[in-house]
Amino acid sequence: NYYWLGRFDYHKAWALQKEIQDQVINYGLNNIVLFLEHDSVYTLGKNADSDNLLPTIPEGMEVVQTDRGGDITYHGPGQLIGYPIIDLKKYRRSITWFMRGLEKSIIDMLEKVDVSSSTKDGLTGVWVDDEKIAALGVRLSRWVSMHGFAVNVYTDLSLYRGMIPCGISNFGLTSIQRLKNNNYELESIARMMMNNINKMLDSEQVKKVVHV
């Protein structure tokens, strides 16, 4: 089940994810993926280095300590957020498989808008040459995921200036709009991501059936 929530408060989205994750774990609720965008906020992963938060932080920017993996990142308008709340026991009990699958889903989506992207060895996320276009960070509880990914569609990249994104200082940032000079709607990007995530999950279920 996929849901488009539109502009949604970060704290409310976090609480909603926790509630859904609990329902999936304890009551067998079907997998759910939430698509949305946030108001501007900096979020820190549970092992984030506070030194990556800089004095140049934009005035009034909220900073939230979260329970996801990864370091510090920015969420805001023009950025597609995807929160897949997936029971990996139905597919593969592997966080590596899940993360690489999400990255490939983003790479395939970008290919459809004529943006060539890739991953980088030893780094999480999706890159266009040496510029990051999508960040990922998840948390598992009893093999059920929450948090997820953020794709810069028409994000104001200047709002990253108060941080070292993901703790990586030697690479830049980019967005679909910057690369293509085209204002894609977040919902259209979400639909492409929905199809790609379906392919990722369906493919793994087919593999399990064939193996059995």
Side-chain angles (χ1 to χ4, degrees), residues 1-8 13-14 16-38 68-70 75 78-119 124-128 132-154 175-176 180 182 184-212:
N1 295 306
Y2 294 82
Y3 295 92
W4 170 252
L5 302 182
R7 186 75 65 86
F8 210 83
W14 190 6
L16 178 59
Q17 289 182 76
K18 290 178 182 177
E19 181 179 349
I20 295 171
Q21 186 187 54
D22 179 70
Q23 293 287 321
V24 173
I25 291 170
N26 294 304
Y27 303 102
L29 184 70
N30 287 335
N31 297 324
I32 286 178
V33 181
L34 305 176
F35 289 119
L36 57 141
E37 67 176 329
H38 288 306
R68 63 165 172 78
H75 295 317
Q79 185 186 70
L80 176 67
I81 304 293
Y83 290 139
I85 305 166
I86 307 292
D87 187 350
L88 299 191
K89 296 189 298 296
K90 297 179 179 178
Y91 306 97
R92 190 190 301 187
R93 299 187 192 209
S94 168
I95 184 64
T96 301
W97 164 78
F98 186 58
M99 296 291 280
R100 298 298 84 79
L102 291 177
E103 288 170 340
K104 185 178 186 307
S105 295
I106 295 167
I107 289 168
D108 290 346
M109 175 276 293
L110 290 169
E111 190 69 31
K112 290 186 187 233
V113 296
D114 199 29
V115 171
S116 179
S117 61
S118 63
T119 57
T124 300
V126 176
W127 308 75
V128 179
K132 196 169 194 177
I133 195 168
L136 292 88
V138 303
R139 177 181 181 271
L140 296 184
S141 177
R142 291 164 61 180
W143 290 106
V144 176
S145 65
M146 62 178 288
H147 299 292
F149 59 86
V151 182
N152 291 333
V153 180
Y154 53 90
S175 68
I176 295 175
K180 304 306 299 181
N182 191 325
Y184 287 93
E185 294 293 330
L186 295 185
E187 287 185 71
S188 67
I189 301 298
R191 288 190 194 98
M192 286 187 271
M193 285 303 302
M194 176 183 71
N195 292 333
N196 291 346
I197 292 171
N198 270 340
K199 288 178 185 177
M200 175 185 83
L201 299 178
D202 289 347
S203 173
E204 192 60 27
Q205 283 197 321
V206 168
K207 288 179 185 176
K208 288 184 72 173
V209 170
V210 171
H211 180 73
V212 170

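Rounding to the nearest 0.5 Å gives a distance of 12.0 Å between CE of M99 and OG1 of T119. Interatomic distance, I85 CD1 to N1 CG, rounded to the nearest 0.5 Å: 11.0 Å. Expressed to the nearest 0.5 Å, how far CZ of R92 lies from OG1 of T96 amounts to 9.5 Å. If you take CD1 on I106 and CD on E111, they are separated by 14.0 Å, rounding to the nearest 0.5 Å. If you take CD1 on I197 and CE on M193, they are separated by 4.5 Å, rounding to the nearest 0.5 Å. If you take CE on M109 and CD1 on I107, they are separated by 10.0 Å, rounding to the nearest 0.5 Å.
Residues H38 and F8 share a closest heavy-atom pair of ND1-O, 2.7 Å. Residue E185 comes nearest to S188 through the heavy atom pair O-OG, 2.7 Å, listed as atom of the first residue, atom of the second, then distance. Minimum heavy-atom separation, V128 to S117: CG2-CB, 4.1 Å. The minimum heavy-atom distance between Y83 and A13, with the atom names listed, is CE1-CB, 4.1 Å.
In this structure, D87 contributes its side chain and I25 its backbone to no donor-acceptor pair below 3.5 Å. The main-chain N or O of G78 is found under 3.5 Å from a side-chain atom of E37 such that the two form a donor-acceptor pair. Between the K112 side chain and the I189 main chain, no donor and acceptor come within less than 3.5 Å of each other. Remark: side-chain polar atoms of Q79 are not paired, donor with acceptor, to backbone N or O of N152 under 3.5 angstrom.
Put simply, the side chain of Y2 reaches to within 4.5 Å of the side chain of N198, judged on heavy atoms. Within the 4.5 Å cutoff, the side chain of W97 has heavy atoms near those of the L88 side chain. Two residues are said to be in side-chain contact when any heavy atoms from C-beta on lie closer than 4.5 Å; N182 and V113 fail this criterion. Annotation: side chain of K90 is in contact with side chain of N31 (closest heavy-atom distance under 4.5 Å). Using a 4.5 Å heavy-atom threshold, the side chains of L102 and M200 count as touching. Inter-residue side-chain proximity for L36 and Y3 is flagged as unmet; no heavy-atom pair is nearer than 4.5 Å. When side chains are defined from C-beta on, K104 does not count as touching R100, because their heavy atoms never get closer than 4.5 Å. Residues I95 and V138 meet the side-chain proximity criterion, which asks for heavy atoms closer than 4.5 Å.
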Report, one line per pair, each donor and acceptor closer than 3.5 Å where one atom sits in a side chain of residues 140-151; sequence neighbours left out.
residue: S145; atom: OG; partner: P84; partner atom: O; Å: 2.7
residue: S145; atom: OG; partner: I86; partner atom: N; Å: 3.0
residue: H147; atom: NE2; partner: D67; partner atom: OD1; Å: 2.6

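With sequence neighbours excluded, no residue forms a side chain to side chain donor-acceptor pair (under 3.5 Å) with Q21. Q23 pairs by the side-chain contact (heavy atoms from CB on, under 4.5 Å) definition with Y27, L29, not counting sequence neighbours.
Between the side chains of D22 and N26, at least one donor-acceptor pair of N or O atoms lies under 3.5 Å.
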